[in-house]
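First comes the structure, then the notes that go with it.
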Amino acid sequence: MTPLDELTFDQNGLIPAIVQDAQTGEVLMLAYMNREALQRTIETGETWFWSRSRRQLWHKGATSGNTQRVVEVCYDCDGDALLVRVVPAGPACHTGQRSCFFRSLASKRDQ
């Protein structure tokens with residue numbers, strides 16, 4: 001049994017992957033991996049994901065150059081979510097923002 005066998009992929013064969021800047025702790029993005037994307041991430045040391053809209057694998061930064069070098073891949077206590085700690089080479093978000101989480105619905109500073 002390998003650590004990959006301890007993971008629980010959903011009915012579509014996917015697992016959510018939270019991508020975090022390994023140096024700052026900032027959450028950069030949330031994407032999904034299937035087993036092949038996770039295996040490629042581990043083998044290449046850069047992030048790979050499964051595009052639910054395009055229904056294909058994608059290598060983060062393949063067209064933009066904004067790659068993410070993997071420092072560590074962790075999984076949660078239930079084995080149904082990943083935390084991928086990376087060193088980013090540019091913004092994570094397709095909008096050009098450093099993080100995909102740049103908008104707020106509410107915060108203590110809004111109150």
Side-chain angles (χ1 to χ4, degrees):
M1 184 172 200
T2 70
L4 285 180
D5 295 325
E6 295 181 27
L7 300 178
T8 302
F9 293 84
D10 70 13
Q11 65 275 12
N12 297 311
L14 302 175
I15 190 168
I18 300 162
V19 180
Q20 179 185 45
D21 186 310
Q23 296 170 330
T24 68
E26 181 180 15
V27 174
L28 300 176
M29 60 186 283
L30 168 69
Y32 291 85
M33 292 183 173
N34 62 9
R35 187 176 276 274
E36 184 178 358
L38 179 54
Q39 194 64 49
R40 284 192 189 195
T41 295
I42 293 167
E43 290 170 359
T44 66
E46 291 190 349
T47 54
W48 284 79
F49 302 103
W50 176 258
S51 171
R52 294 176 300 161
S53 59
R54 294 187 312 254
R55 304 199 49 78
Q56 64 184 27
L57 285 174
W58 60 282
H59 175 219
K60 176 68 177 130
T63 55
S64 67
N66 299 327
T67 57
Q68 298 170 336
R69 183 175 53 82
V70 176
V71 173
E72 182 178 34
V73 179
C74 303
Y75 57 102
D76 73 337
C77 56
D78 295 323
D80 61 1
L82 301 173
L83 176 64
V84 185
R85 298 179 64 244
V86 303
V87 175
C93 187
H94 73 281
T95 66
Q97 295 288 327
R98 175 170 165 69
S99 167
C100 293
F101 296 96
F102 61 92
R103 300 181 288 188
S104 175
L105 290 175
S107 69
K108 287 187 179 190
R109 65 177 173 231
D110 293 339
Q111 299 173 359

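Just so you know, these numbers come straight off a predicted model, no measurement behind them.
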Under 4.5 Å between side-chain heavy atoms, hopping through other hydrophobics if needed: is there a path connecting [X] to [Y]?
X   : Y   : value
L83 : Y32 : yes
V19 : V73 : yes
M33 : L30 : no
L14 : Y75 : no
L4  : V70 : yes

Return the set of residues passing salt bridge (Lys or Arg N to Asp or Glu O under 4.0 Å) with E43 (not counting sequence neighbours), or none when no residue passes.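 Salt bridge (Lys or Arg N to Asp or Glu O under 4.0 Å) check on E43 returns nothing, list empty.
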
Between D10 and N12 the two heavy atoms that sit nearest each other are OD1-N, 2.8 Å

Closest heavy-atom pair and its distance - P91, N66: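 Between these two residues, the closest heavy atoms are O-CB, 3.3 Å.
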
Would you please name every residue forming a side-chain contact (heavy atoms from CB on, under 4.5 Å) with [X], sequence neighbours left out?
X   : value
L57 : N34, E36, A37, R40, W48, W50
A92 : L28, M29, Q68
T63 : none
A89 : T67

Can you measure from [atom1] ([X]) to [atom2] ([Y]) and round to the nearest 0.5 angstrom?
X   : Y   : atom1 : atom2 : value
K60 : F49 : NZ    : CZ    : 8.0 Å
I18 : D76 : CD1   : CG    : 8.0 Å
E6  : D78 : CD    : CG    : 12.5 Å

Under the salt bridge (Lys or Arg N to Asp or Glu O under 4.0 Å) definition, can you give me all pairs with a residue in residues 49-59, not counting sequence neighbours? none

[X]: side-chain hydrogen bond (donor to acceptor under 3.5 Å, both in side chains) partners, not counting sequence neighbours:
X   : result
D21 : R98
E72 : R85
T24 : none
E46 : H59

Using links of under 4.5 Å between side-chain heavy atoms of ILVMFWY residues, direct or through other members, which residues join V87 in one cluster?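 So far as hydrophobic clustering goes, V87 is joined with V71.
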
Can any side-chain N or O of S99 pair as donor or acceptor with the backbone N or O of V27 at less than 3.5 Å? yes

